[in-house]
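Accompanying notes for the structure given below.
In the text below, chain A, chain B and the rest are named by the order of the sequence lines, each starting its count at 1.
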Amino acid sequence: MHKQIKWGYALNQWKAGFTSFARLEEIERAFKVTAACGFDAVELNAGSGRWDPIGRPENIAINFGSSQHFRLKLKDWGIHRVASTFFDPTVMSFEELHFGLMSTQPADHPRILAQARIHAELLSELNGDCLVVRPFPSWWKEGGLTPERIAAAADCWNAVGAMTAALGLRTVLHVDALSALRTAEELERLMSLCDEDNVGLCFDTAELTIAGHDVVALYRRFHERVWHFQFKDALAVDTLDEYKLQNAERALIAAGGERQVQRWFGEMGTGLVDFPALLAAMRELGYAGWIIVESDKGPAPIATGMMLNSWYRQHVLDRSAD
Amino acid sequence: MITNKQTNKLRWAYMDHWRIDTPQGQLSQYTSVQRFDDFLKQVAALGFEAIETFDFHLGPLRELFGSLENARAFMQSRGIDRVLSLFHAVMYDERQSAPHVRATHDHIVNYAEYIMRSSQGLGVENFIVMPAGLYYDVEPVTDDKIRACAELWNRVGEMTQKYGVKTCCHHEFFCGIRTAEQLRKFYEWTDPRYVFFYCDTAQHVIAGVDPVDLYLKLADRCGGFHMKDTLHVDLTGDYRRKPDAEVMAPTTPRWFHEMGVPGGLVDFPALMAAMKDRGYEGWVGVEHDKADVGGGNYPESTALSAWYIQHVLKKIYA
């Protein structure tokens, strides 16, 4: 196994609805299942509201006493690192009193920076590495990108990147399947405007595949700026460009679009992503960072997806290094 | 996950009660190769190296894979070495098949030998039996009835040894042989060469028997374990409830939980210390029947058990 690659697991698969993953015993079980599957690091999710005990630093303080006590508790449960936190500014926040902020709107930048700082400070206290951010809103909200909107987003993430750098973290941009950013050329333009020391990329293998990209080829093109990975498989590609649907989160992802795709994300090895080839490229190009395995938007029981991913990592990916 | 090294004295097996959620509702994982494959991978991912299952799965395994040798090869490709134990799933009936009724012993022995012949190829080491019928079918539990059960399992145990398999007695809390005194007599009257004790930790606690004490008394003939926890002792006589003491009990809809459940009554650390002290080596089975009652699910319970093994038990004895 490549010595510099570190593995972790996401937590977003556990919070299926508002009130799920709200009791502390559920959270304890989730961390123990994660550790039992052989993952001793996690990616937190920047959340909101009273039913998200580990989504906000103030909730962590209320429920665990402090971030350091939380860190000790995680260790008890077999989790030795918090690798990263995923932050999507387009999601509503009860605490910041907004229904979503847009990186493409300069007027929203101060609030995005302030909210990102809250989660980055916690991540830094927890000795994490990367703040993973959603760089653009969904395409259906404003349409395709313009040079102005790309520049605005770059400004936003440069400010966030400078903030995280001061905290010993890096900011990585996570392009999703519904993103306003669609092409490799747009990505090239964005990254040319972003600080190359503070702002990198998080490649989500499923999101990029659904959006029609060849993840391995895309990685080879952008590898110097890819500092973080999320591994999950893609079960279908958005061949009808239904990312353009109004409220594509519902119409395409939840409802499946015209083809009624029942499920978009799958366990590694069950879909379209060539993980062995990708991992080989990562090793070849000297990737030194986290791979966060995800299993969001999968069927119950949640542990099953994680255990199947654990098996794939041990029996396919780890062995491919031998 | 449970990491296994050549130097470990213990290897961990998983007793299979799973059901799979499918678009058709809950189905057995023995209904398709794909479902069985997913099941094996999940269990193997956590570090379990063998499964234990019911003998009524022999036919489905043959059907899915063509032969039991093929089935075992498939399991091994997923990281599961063997079917360690077959649980003999028999509905005892005084008219034809009841351990306390000597007239039915030939039938029981013959059927057990049929299972031995038809399970070749899976690597089975243990034949797990409930050594007496349901308590309400056996009571009053007399010495003569216990002796009859002992005679039966001596015969069966001698037979299974010829197939390289140990007959192991597993005492449900509603089994006709359940109290400390009944257990003492049964094991005194059985031949230690042929009849082994299988320690189901929760079943004994529910029946008011300390599994640690029982293991210490029977350590020399312990054939294995089903490690599971419980939150309840049967204080109201559910063990005699008709028609069913387990699923229909008023005490609780769910008797069994994964090891390490908050509030669990089984003292696993003490048991592990006892096993270390007595030099137990070999397989340890993990179980949590009916884990899906009340909103639970088997995969999560299995993962939590694996966590408990890795983070608590292996620190005591591995």
Side-chain angles (χ1 to χ4, degrees), chain A residues 1 7 9 13-14 16-17 19-40 73-80 233 260 262-263 266-270 293 295 298-319, chain B residues 1-4 12 14 18-26 29 34-49 75-80 257-263 286 288 291-292 295-315:
Chain A
M1 188 65 212
W7 289 82
Y9 216 106
Q13 69 275 20
W14 295 99
T19 53
S20 67
F21 202 55
R23 292 188 63 82
L24 295 180
E25 58 264 27
E26 287 179 78
I27 287 165
E28 179 176 341
R29 282 203 298 273
F31 282 120
K32 285 179 171 176
V33 170
T34 302
C37 288
F39 296 94
D40 64 356
K73 205 71 207 158
L74 289 179
K75 278 204 161 107
D76 264 358
W77 292 335
I79 304 297
H80 300 291
D233 218 327
Q260 297 185 343
Q262 292 296 299
R263 189 181 168 193
E267 290 77 39
M268 294 188 285
T270 63
V293 183
S295 39
I302 294 165
T304 285
M306 299 177 69
M307 288 148 77
L308 290 171
N309 275 327
S310 170
W311 187 91
Y312 188 83
R313 176 195 164 189
Q314 292 174 62
H315 290 262
V316 179
L317 298 183
D318 282 356
R319 287 188 187 170
Chain B
M1 59 277 182
I2 312 162
T3 51
N4 294 296
W12 295 84
Y14 184 68
W18 279 31
R19 291 290 179 272
I20 307 293
D21 292 317
T22 76
Q24 300 175 39
Q26 282 200 328
Q29 63 274 23
Q34 179 63 60
R35 289 178 186 133
F36 190 62
D37 189 18
D38 281 355
F39 161 70
L40 292 172
K41 284 175 175 173
Q42 289 174 76
V43 172
L46 299 172
F48 293 100
E49 295 181 82
M75 288 181 211
Q76 288 173 333
S77 75
R78 288 347 191 206
I80 297 293
H257 296 262
E258 63 277 355
M259 293 189 287
V261 66
V286 170
H288 23 262
D292 55 349
N297 64 80
Y298 286 102
E300 188 174 295
S301 282
T302 310
L304 291 170
S305 290
W307 185 92
Y308 192 75
I309 292 166
Q310 181 68 14
H311 292 266
V312 179
L313 299 185
K314 283 173 81 72
K315 292 181 178 165

- Parallel, tilted or perpendicular: rings of B:His288 and B:Tyr14 (30°, 60°): tilted
Whatever's closer than 4.5 Å to a heavy atom in chain B on A:Asp40 counts as neither
Rounded to the nearest 0.5 angstrom, the NZ-CG distance for A:Lys32 and B:Leu304 is 7.0 Å
| Counting distance only, does the side-chain N/O of A:Trp311 pair as donor-acceptor with the main-chain N or O of B:Arg78 below 3.5 Å? | yes
Of the listed A:Met306, A:Arg29, A:Glu267, A:Glu25, the one with the largest count of heavy-atom pairs under 4.5 Å with chain B is A:Arg29
Of A:Asp76, A:Ile302, A:Thr304, A:Val33, the largest count of non-hydrogen pairs under 4.5 angstrom with chain B goes to A:Thr304
When the 4.5 angstrom heavy-atom criterion is applied to B:Ser77 and chain A, the contacting part is backbone
Cut-off 4.5 Å, heavy atoms of chain A, and the answer for B:Asp38 is both
For this session: Tell me yes or no: between the side chains of A:Ser295 and A:Tyr9, is some donor less than 3.5 Å from an acceptor?
Result: yes
When you compare the side chain of B:Val286 with that of B:Tyr308, does any pair of heavy atoms fall below 4.5 Å?
no
